Protein chains: 2
Amino acid sequence: MNLKDLSDLLGLSQTTVSRALNGYPEVRESTRQKVMEAARAHNYAPNTRAKTLATGKAMTIGHVLPVSKKHEMVNPIFADFIAGAGEIYSDNGFDLLLSVVDDDSEEASYRKLVSRGAVDGIIVHGPKVNDSRIALLRELGVPFVVHGRSTEIEADYSWVDVNNTRAFQRVTEFLLDLGHRRIALLNGLADMDFATRRGAGYVAALEERGMQVDPALMFHEEMTENFGFEIACSLLAQDNPPTAFVVSSIIPAIGVRRAISDAGLEMGKDVSVVIHDDALSYFSNDGDEPAFTAVRSSVRQAGRHVAQALINKIATPGAPVHQEMLEAVLAVGRSTGQAPALRQALEQEK
Amino acid sequence: MNLKDLSDLLGLSQTTVSRALNGYPEVRESTRQKVMEAARAHNYAPNTRAKTLATGKAMTIGHVLPVSKKHEMVNPIFADFIAGAGEIYSDNGFDLLLSVVDDDSEEASYRKLVSRGAVDGIIVHGPKVNDSRIALLRELGVPFVVHGRSTEIEADYSWVDVNNTRAFQRVTEFLLDLGHRRIALLNGLADMDFATRRGAGYVAALEERGMQVDPALMFHEEMTENFGFEIACSLLAQDNPPTAFVVSSIIPAIGVRRAISDAGLEMGKDVSVVIHDDALSYFSNDGDEPAFTAVRSSVRQAGRHVAQALINKIATPGAPVHQEMLEAVLAVGRSTGQAPALRQALEQEK
DNA sequence: CCAATTTACCAAAGCGCTTTGAAAAAAGCA
DNA sequence: TGCTTTTTTCAAAGCGCTTTGGTAAATTGG
């Protein structure tokens, strides 16, 4: 069933039917009712491709999911982010075009998406410290919003980010207040912008208290469960092991927890752990006493904000850039406690 | 830059340029070279919407991601599956259209996808035991492939599934061979087809050995980490706790592991755990001695197979249905060992 | 060397919609 | 009633591509 069939059926012109369906005023209300009715009865929906061709709007947002050939890693926050963004798209009549590419042909993929006219806007995932995609997309002149930022890029562009620096400074201070002095940082890959900022927060907290930053306690890797496990195992086996861990995601933190219990220690008592919690749906870490003390910021919520910002940008091309900082909430759970040394000292005092 | 611009620039007709670009034979090789060159130089790519309108093929595959409003759950295997499918799409020039909908408007979403002509084919995720989507898609006459099956649907349709029954029968037998007699099953939601089949495999293994099936040891829930933790905690606190767990995904198994260590027990010695491992990228459970004994089947690989099957189906409409069974590999890891009772008996014997 | 093929190119129609500009019908006004 | 204004409808152009049905140019064969 296409427009012609429908209009023939109704004895009306395509123009009138189209207008009736699209809510234009120059059509009698009784006619509109009839048209709507017939459209529903025959399950008519205008052909997307014809419609977008005619209007010049693709009504589609592009997401590029780079999958490294070597690591075979898929960002675990991706699904939740997409779920959030997708809600907004549905509400606004946009489609979501997902391009899976191996990371070395990523740039070509953006170029093609735009020159094919397949999308009206693009969302940039996982920005690097110095991300070439931002310059590329500006050059291509396509509206885009970055989930995160790119520290070394001077240009103005739209982004929605969590205040990573503040969050990590906060949790580090929290651990310091509990008497921890040797605090390990298990961070994401070093070239990721979020990881840099989190590292900066951690360092800032230590330096503010006049403490040495020990590079031997800072780790950058793909944030797998195994990464957390391996590092924690080797650290805990050292002579002077850290008493606390700051971990960039709940996934490696699960590995850390495993290492702690394998070492016969108790998390929250012998060793403290704080995490950044993206509020992934399958790892709920909430309730009145979450398993992990965490700075929490829902990545799904971020997806909603990024999507909305992009849609606004597409609707109002001249508008200024959208830059939005989300704050992470510090929620204290069962994974943290006073440093053993401090606890002993306090007990002695009694 | 569009076709007209490019052909004007070259002093050729749109026809010739189009044919040159699409590899048709009726164009001189030297002309084709010139055209290709110019296209590359000016970064020309044919407008997707115009092209698909003209050809009548959308060159797009639809995926519907239902997100339950109440649970706010996003299937954690989704990202890996998509990554696999996306590779195949890229290789074959297909786009991936992702529709995020809340689960009660799922049917409408499929209808619309088809009547809008937005997709050439659809992939069905997470089939229920009696899934209405299969009848719907057949009625709509759109090519589709199901990731999984739907037990109660008689009709012929294309699917790619893991042999869940066999896999779970196998791991249950494995536990029985180790002397375990009280084996708990932590399964997915009861209406999910895969969960039913896995349950059937578990039951079959027990019955084959003439053992009672204890419904108090079988659990159906959304497969979160918390689910595993809660159930395992309460079971281990019972008078006659199970000595082994069969768990439908690595995620709840992580919760089970946590419960075991919280109870002061050792996994692989006091309590055994076997899992179904989807080989999610952030929870690698491989190497020569994986953390969990598992029946493994890469969901990413499944994504590739499903996508390829659908593309073939679209290319050859008359072809018979594609039904493909993937077998899961049993890999023994460190999470299983002899049942404590059996071990004691054997020691006594010496 | 000229007719019959083959090769290389082109004009125009069509994909299904929106939108412009015009016309017909209805309503308002004197 | 006749004329103007407003409302309602329509025919046709256009979005950017592919593809059909040509025609002119080059090649072949007798």
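Lettering follows sequence order; numbering is per chain, from 1. Bear in mind that the values here come from a model prediction, so they are computed numbers and not experimental data. Heavy atoms only: backbone and side chains are in, while hydrogens, waters and symmetry mates are out.
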Discussion item. Need one value for A:Ser18: base, sugar-phosphate or nothing, where a base atom within 4.0 Å counts as base even if backbone is also close, heavy atoms only.
Written reply: base
Discussion item. Please report the distance, rounded to the nearest Å, between CZ in A:Arg28 and C1' in C:dA24.
Written reply: 13 Å
Item to complete: Ignoring hydrogens and angles, state whether a donor on the side chain of A:Thr151 or A:Asp193 is under 3.5 Å from an acceptor on the partner side chain.
Response: yes
Item to complete: Any chance you could lay out the side-chain contact (heavy atoms from CB on, under 4.5 Å) test for B:Leu65 and B:Ile82, step after step, and finish with the verdict?
Response: CA-CA 11 Å; B:Leu65 177 60; B:Ile82 283 287; over 6 Å; no
Item to complete: Taking the side chain as every heavy atom from C-beta outward, state whether A:Arg300 and A:Glu87 have any atom pair closer than 4.5 Å.
Response: yes
Worksheet item: Which nucleotide of DNA chain D is the first, and which the last, in the 5' to 3' direction, to come under 4.0 Å of a heavy atom belonging to chain A?
Response: D:dT8 to D:dG16
Worksheet, complete the sentence: note: A:Leu21, atom CG; C:dT19, atom P; distance rounded to Å ~ 13 Å
Item to complete: Just say parallel, tilted or perpendicular for the rings of A:His125 and A:His63, cut-offs at 30° and 60°.
Response: tilted
Practice prompt. Kindly say if A:Tyr24 contacts the phosphate of C:dT19, meaning a side-chain N or O under 4.0 Å from OP1 or OP2.
Written response: yes
Item to complete: Take B:Ala50 and B:Pro25, find for each the nucleotide of DNA chain C with the closest heavy atom, and name the residue whose nucleotide sits nearer the 5' end.
Response: B:Pro25
Discussion item. At 4.0 Å (heavy atoms only), tell me whether A:Thr55 reaches a base, stays on the sugar-phosphate, or touches nothing.
Written reply: sugar-phosphate
Fill in: Nearest-nucleotide comparison on DNA chain C, the residue closer to the 5′ end among A:Arg19 and A:Gln14
A:Gln14
Worksheet item: Does CD belonging to A:Glu139 count more than 12 external heavy atoms closer than 6.0 Å?
Response: yes
Worksheet entry | N/O (side chain, B:Thr16) to phosphate O (OP1/OP2, C:dC9) under 4.0 Å | no
Worksheet item: With the threshold set at 4.0 Å, does a side-chain nitrogen-carboxylate oxygen contact exist between A:Glu29 and A:Arg32?
Response: yes
Worksheet entry | Distance in angstrom units between B:Leu3 CG and C:dC10 P, rounded | 12 Å
Worksheet item: NA contact type, A:Thr52, heavy-atom cut-off 4.0 Å: base, sugar-phosphate, or nothing?
Response: nothing
